[in-house]
Amino acid sequence: MSRTNTLVITRGVESSITLPVDVNAEATQEEEQSCIYDGGTLVFSHPLSLRETDKHFKVGRISLHGYVMMIDKINAPPKCGLEVQGKRYAIELRSYGDDNDARKSEAISRFVAPNTDFFLSPYGSGLTEGVSLVANETGKVMVAANSNRASVYDGRPASFSVTMIATNYVRNVIPMLSAAGAKSVHVITEEGTQYCDSLPAMVPGYGMILQGESSMGKSPKVDDFFPIAKNMSKPENDPDVVVTCVYGDTCKEWVFAMRKANWSPRAQVLTVCVGSDAFNEAVGTDAEHMIGTTPWDKGLPAKEQFSGETAAYQAAMAAGSVSVLTQAIEQANSFKTTNVAYILANSSFTTLYGEVQFNEIGINSEVHLLVQLDEEFQPRIVYPVQPEYALVYPMPTWAQRDCLNLSPCGSTVSSTAALSTPYAGTCDADGTCGCKGGQVSVGIGQSAACHSVPEVDMNYIPNSLLIMGYLFFGISALTSIFFFCWTTYFRGRSIIKKSQPIFLHLVNLGCLVIALAIIPSGIQGGYDPVFGTSTEVSNNLHNVDAACMATPWLFGLGFSLTFSALFAKVWRIRKIFTNAQSFLRVQVKPMDVMKVMVGVLGVEIIVLLVWQLVDPLVWVRTVTLKSDLGYAVESVGTCQNGNASPYVTVLGVFNLGILMYSLWLCYATRTLPSEFNESKWITASVISIFQLMILGIPVMVIVRDNPSANYCVRVCVFFLMSMSTMFFIYAPKFAKMHIVRESEENAPRRQTEIERIRLRVSSTAPVVTIRSSIQEEMPTEKEPTDESPSNSGDFTEQA
């Protein structure tokens with residue numbers, strides 16, 4: 001008789017059963033010549049999920065491979081089938097598509113029972129229930145591969161399952177993890193599973209706490225699991241161990257939920273899935289160090305040897321069920337159901353699947369193995385304890401495993417090199433990269449890495465320029481202090497009185513304030529260059545921000561003080577002599593002039609205050625050049641804000657207007673006696689400042705991104721503005737008093753100038769007499785005074 005390891009595959013039983021088709025006849029011709037099946041053929045039948053749309057198609061296909069491989073080995077030499085009562089029998093496997101339907105599975109079993117000698121099983125207890133019922137009713141033996149529900153076998157003495165009893169799935173989990181240091185456990189159960197029924201009662205006996213139990217419906221998804229995972233992530237609800245008792249397709253959903261909650265326990269136990277290719281493909285590196293309960297592992301020693309291919313435990317169970325059934329038939333030396341069932345119930349069998357021994361209701365009583373996926377995602381037996389591999393507890397957090405599996409930690413990274421050059425970097429428990437040799441740890445989890453950070457060119461203002469700035473400020477300050485003391489000491493001299501000491505002091509103070517603007521211009525801030533950002537980390541950052549606004553405040557107030565005083569002095573002289581030409585008597589007191597100064601200062605202060613409150617300047621450091629890793633190589637720090645243009649424009653137009661008007665007043669009073677008129681020197685001072693502003697401001701804009709050049713230009717502008725003003729205002733007076741001393745010879749010349757003005761006025765009037773209170777009240781040191789010194793600040797004009 002021909003060898004018939006044929007598969008009868010019907011994708012749904014319609015009106016009849018498809019006849020056997022030999023799909024391997026050519027490959028087995030040589031084997032047929034060496035094996036003689038003089039007893040005939042034994043038919044092993046079973047329903048199975050064969051459609052790709054069936055829920056259990058993948059595991060059904062795996063189981064089918066296990067059946068086929070084992071039957072091939074039994075039929076092939078040297079075994080050449082089964083030997084019963086001196087005759088050899090070939091085995092024919094007939095698989096029928098059940099469409100994953102329990103009723104169809106039972107219907108197929110009834111239909112094929114008359115032509116079937118022994119039954120195997122489909123995948124799952126729900127589909128196996130009908131096969132067991134039919135086998136019991138027709139008096140045939142059934143050995144199931146993937147079903148362990150007690151109700152399928154209880155009371156049916158000819159039905160057996162090589163799948164271990166469900167209550168034994170997790171029996172070793174609690175003792176093993178308790179010994180490893182675990183203190184608490186949470187159990188998640190999918191509807192229909194019985195794997196974890198015995199676990200809650202075991203927990204207290206090993207000194208552990210059952211922290212919680214969660215019951216899920218059938219086929220829960222990630223959104224169903226997420227609230228549970230999120231709740232476990234709270235410190236008060238964080239269990240050491242989570243045991244998830246679910247079916248194969250559900251495992252990945254729980255892992256996804258843990259990922260979504262960014263939480264993981266110290267040990268995760270899955271009753272199925274661990275080690276299966278489908279699970280590894282679904283969750284990727286997240287499968288590492290997951291613990292699974294499995295009835296079989298390919299690393300187990302076994303007396304039977306077949307294809308040597310890598311097989312999942314479902315295939316091993318299928319092969320084991322064929323092995324157990326064929327061993328029992330040969331040991332019984334009979335095909336009689338009672339004889340074969342007796343051997344099955346009372347014997348122990350060694351199979352590829354491992355040791356098989358049935359309990360009183362026909363379910364394999366052996367205990368499940370515990371395996372843990374290693375770094376290469378291969379299942380390694382951790383219970384019973386194996387010397388080759390030790391349990392990893394606690395397992396890495398998500399961040400740490402991402403660092404270990406997905407990050408460049410341990411490799412150098414650049415735009416031109418792959419992650420292949422190892423260096424001293426190790427993933428720490430928190431998912432960061434521990435670095436050595438001056439490298440910096442950056443990122444966490446998948447982005448964790450050790451980077452060599454380049455030294456950053458911060459473009460700081462060099463110390464030589466800062467020293468120059470402080471030196472210029474010192475010169476300006478000493479000059480200002482000297483002229484302040486000089487004015488105070490010689491305040492009784494005629495030349496000082498006529499120039500009004502109070503206004504000289506204000507000019508002096510304004511120049512000092514302008515020079516003070518040099519100090520905040522040199523204050524700089526740093527930043528953290530590690531991440532290549534412009535985030536400031538200077539401890540004195542608020543001081544640097546304050547320095548940014550201090551510069552316009554000091555310059556603005558100093559400028560206003562200086563030139564409002566000069567402007568007021570010229571305006572006073574202009575007012576007196578204009579009224580004299582109109583034959584009017586007018587008296588201009590210091591308070592009148594102070595009003596002009598207060599008005600100028602008030603406008604300046606209001607604009608600066610609005611700027612300070614609305615959009616102040618702040619210190620910002622900008623990265624101008626980065627390395628190929630994105631780290632800062634060069635940066636520039638500047639004072640910036642959202643939009644400074646309105647405030648700078650208002651201040652510029654206002655101050656420029658004061659300068660232009662001052663120039664016009666100086667021009668209008670150019671012919672007045674020098675005794676009362678300082679317009680020549682004020683004009684020189686204003687023109688000097690005007691030139692500095694016209695040249696300095698554009699240059700500062702051009703070099704704004706070069707801190708050293710910008711600082712140098714700014715210091716020079718402030719210094720020259722301060723010193724030139726003091727020079728033109730004080731130097732002529734100082735020279736007149738101490739170098740070209742006043743003498744009696746000068747008196748006639750002064751009188752001639754007064755007479756010249758009187759004649760000019762008399763050309764339009766009969767008699768014009770100009771009497772200056774300053775001339776009468778502030779004579780030279782050699783001229784006695786006729787007026788009280790208390791009126792030294794007034795100008796009087798009369799007709």
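- Between Arg401 and Glu288 there is no salt bridge, since no side-chain N of the basic residue sits under 4.0 Å from a carboxylate O of the acidic one.
- Side chain to side chain, Asn100 and Ser49 meet the donor-acceptor criterion of an N or O pair below 3.5 Å.
- Counting heavy-atom neighbours within 6.0 Å of Tyr342 OH, excluding the residue itself, gives a total of 12 or less.
- Ion pairing of Arg110 with Glu106 is present here, as a side-chain N (NZ or NE/NH1/NH2) and a carboxylate O approach within less than 4.0 Å.
- Partners of Asp223 under the salt bridge (charged side-chain N to carboxylate O under 4.0 Å, His left out) rule, at least two apart in sequence or in another chain, are Lys260.
- Salt bridge annotation for Lys183-Asp240: absent, with no cationic side-chain nitrogen under 4.0 angstrom from a carboxylate oxygen.
- Across Ala144 and Ser321, no two heavy atoms sit closer than the pair O-CB, 4.0 Å.
- A side-chain donor from one of Glu355 and Thr350 sits under 3.5 Å from a side-chain acceptor of the other.
- Sparse packing is recorded around CD of Gln446, with 12 or fewer heavy atoms of other residues, nucleotides or ligands lying under 6.0 Å away.
- Considering only residues two or more places apart in sequence or on other chains, Phe256 meets the ring pair (Phe, Tyr, Trp, His ring centres under 6.0 Å) condition with none of them.
- The stretch residues 116-127 participates, sequence neighbours left out, in these side chain to side chain donor-acceptor pair (under 3.5 Å) pairs: Ser45-Thr116, Ser125-Ser147.
- The residues Arg259 and Asp402 are annotated as salt-bridged, a charged nitrogen and a carboxylate oxygen being separated by less than 4.0 angstrom.
- With 3.5 Å as the limit, one finds a donor-acceptor pair spanning the side chains of Asn339 and Ser334.
- Side-chain contact of Asn237 with Gln211: a donor-acceptor pair under 3.5 Å is absent, judged by distance alone.
- In Lys58, the NZ atom is not crowded: 12 or fewer heavy atoms of neighbouring residues, nucleotides or ligands sit closer than 6.0 Å.
- Of all the heavy atoms in Pro265 and Met395, the pair that sits closest is O-CE, 3.4 Å.
- In terms of heavy atoms, Ile188 sits closest to Phe225 at CG2-CE2, 3.8 Å.
- Tyr89 and Phe335 have their aromatic ring centers within a separation under 6.0 angstrom.
- In terms of heavy atoms, Asn136 sits closest to Gly155 at OD1-O, 4.4 Å.
- Under a 4.0 Å N-O distance rule, the pair Lys104/Asp98 does not qualify as a salt bridge.
- In the model, Ser219 has no side-chain atom that pairs as donor or acceptor with a side-chain atom of Asp249 under 3.5 Å.
- Taking the side chain as every heavy atom from C-beta outward, Glu191 and Tyr247 never approach each other to under 4.5 Å.
- Taking the side chain as every heavy atom from C-beta outward, His186 and Met232 approach each other to under 4.5 Å.
- Under the 6.0 Å cut-off for aromatic ring centres, His289 and Tyr393 do not qualify, their centroids lying 6.0 Å or more apart.
- Side-chain polar atoms of Ser264 and Gln268 form no donor-acceptor pair below 3.5 angstrom.
- For the pair Glu330 and Lys79, the salt-bridge criterion is met [side-chain N within less than 4.0 Å of a carboxylate O].
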